[in-house]
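Below you'll find the structure I mean.
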Amino acid sequence: MVCQQLGIYAPQQIEFDRLNLTYTLLSKRKLLTLVQDGHVSGWDDPRMPTLSGIRRRATRPRPSQFCGAVGVSKTNGSTELALLEHYVAKI
């Protein structure tokens with residue numbers, strides 16, 4: 001490693017698990033295809049699993065409680081969509 005050979009500080013890099021939701025398409029490439037092909041009106045369409053799409057559903061976000069319930073992991077896993085729906089209540 002170059003940092004070790006130069007004798008300088010080598011920062012530690014930690015990879016964390018991505019948030020996978022059951023029954024939900026989260027790939028940016030596939031979501032972009034939905035937008036480009038006209039299946040949805042845009043990134044803020046209420047059917048899209050994006051922040052702007054969730055806001056358009058007239059929901060009240062509680063992200064800190066959801067993130068606390070899901071936790072942080074370094075291994076692959078998935079989270080039930082019902083858990084997200086539980087923490088995002090209708091206004």
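The chain is numbered in sequence order, starting from 1.
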Counting only heavy atoms not in Phe16, do more than 12 fall under 6.0 Å of its CZ?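 Yes, because the 6.0 Å sphere around CZ of Phe16 holds more than 12 heavy atoms from other groups.
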Closest non-hydrogen atom pair, Trp43 against Lys28: CH2-O, 4.1 Å
Show, in sequence, the C-alpha distance, side-chain angles and deciding distance for Arg18 and Leu26, and conclude whether the side chain to side chain contact (heavy atoms under 4.5 Å, CB included) test is met. CA-CA 10 Å; Arg18 63 179 273 172; Leu26 294 173; 3.4 Å; yes
For Asp17, all residues meeting salt bridge (charged side-chain N to carboxylate O under 4.0 Å, His left out), sequence neighbours excluded: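 So Asp17 forms no salt bridge (charged side-chain N to carboxylate O under 4.0 Å, His left out) with any residue.
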If I take atom CD1 from residue Ile54 and atom CE from residue Met48, how far apart are they, to the nearest 0.5 angstrom?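 Ile54 atom CD1 to Met48 atom CE measures 11.0 Å (nearest 0.5 Å).
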Could you give the side-chain donor-acceptor pairs of residues 66-85 under 3.5 Å, partners two or more places apart or in another chain?
from  : atom 1 : to    : atom 2 : distance (Å)
Ser73 : OG     : Thr75 : N      : 3.0
Ser73 : OG     : Thr75 : O      : 3.2
Ser73 : OG     : Thr75 : OG1    : 3.1

Is it the case that the side chain of Arg56 and the backbone of Pro46 share a donor-acceptor pair, with hydrogens and angles ignored and the cut-off at 3.5 Å?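 Not confirmed, Arg56 side chain does not pair with Pro46 backbone.
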Does Ser41 have any side-chain hydrogen bond (donor to acceptor under 3.5 Å, both in side chains) partners at least two apart in sequence or in another chain, and if so, which?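 Here the qualifying residues are Asp45.
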Show every donor-acceptor pair shorter than 3.5 Å between a side-chain atom in residues 29-38 and any protein atom, with sequence neighbours excluded, or say none if there are none.
from  : atom 1 : to    : atom 2 : distance (Å)
Thr33 : OG1    : Arg29 : O      : 3.0

